[in-house]
Amino acid sequence: MTAVFVHGDFRHLADNLSFLLPAAFFSVLRLGPGFVVFGFVTTGWLGNLASLAWHGPMHRSVGASGAVFGVIGLLVGAALASAGERFDPRRRRRELIGAGLAILGLTAFAQHADMMAHVAGFFVGVACGAVLLVSASTR
């Protein structure tokens, strides 16, 4: 879990923050701050566990990018869970999934990127976003 809060250098931290801040802002508006903090921690932890399982016990990784992709996934999951409320839910789902995959694709060629942490964080975030939106709406 501590790897989420450790970065290789200032640029690494700045890159993560440039994606995290807008995603967290919109996620907080949609789900609330407690759910976003929970989602950040959970997706960062599970993204790193998936990366460790994929790469093996000697793999070392630092950074919050898995959790950042998890927060982006929270937005996508919440939007997918509420897509039935929109005029054209199929189009909206395609747009959201496409946007999430495009953001994943942007990091595919980044040097030293831990793609497994990114992908796992994103998909755990999608699942958490859908569940959190449903649980928040039943309150």
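Only heavy atoms go into these numbers, but all of them, side chains included; no hydrogens, no water, no symmetry mates.
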Is there a path of hydrophobic side-chain contacts, each under 4.5 Å between heavy atoms of I, L, V, M, F, W or Y residues, that connects [X] with [Y]?
X	Y	value
Met116	Leu52	no
Val6	Leu20	no
Phe26	Ile72	no
Phe40	Phe69	yes
Val119	Leu46	yes

Gap between atom [atom2] of [Y] and atom [atom1] of [X] - 0.5 Å precision:
X	Y	atom1	atom2	result
Ser27	Leu74	OG	CG	5.5 Å
Arg60	His55	CZ	NE2	12.5 Å
Cys128	Phe38	SG	CZ	5.5 Å
His118	Ser51	NE2	OG	9.0 Å
Asn48	Thr43	CG	OG1	9.5 Å

Donor-acceptor contact present, side-chain [X] to main-chain [Y], <3.5 Å:
X	Y	value
His12	Gly8	yes
Thr42	Gly39	no
His7	Ala64	yes

With the side chain counted from C-beta on, respond yes when Phe122 and Val76 share a heavy-atom pair under 4.5 Å apart, and no when they do not.
-> yes

Smallest heavy-atom separation, Asp114 atom then Ser61 atom, equals OD2-OG, 3.0 Å

If you look at every heavy atom in Ala50 and Ala120, which pair is closest and at what distance?
-> CB-CB, 3.5 Å

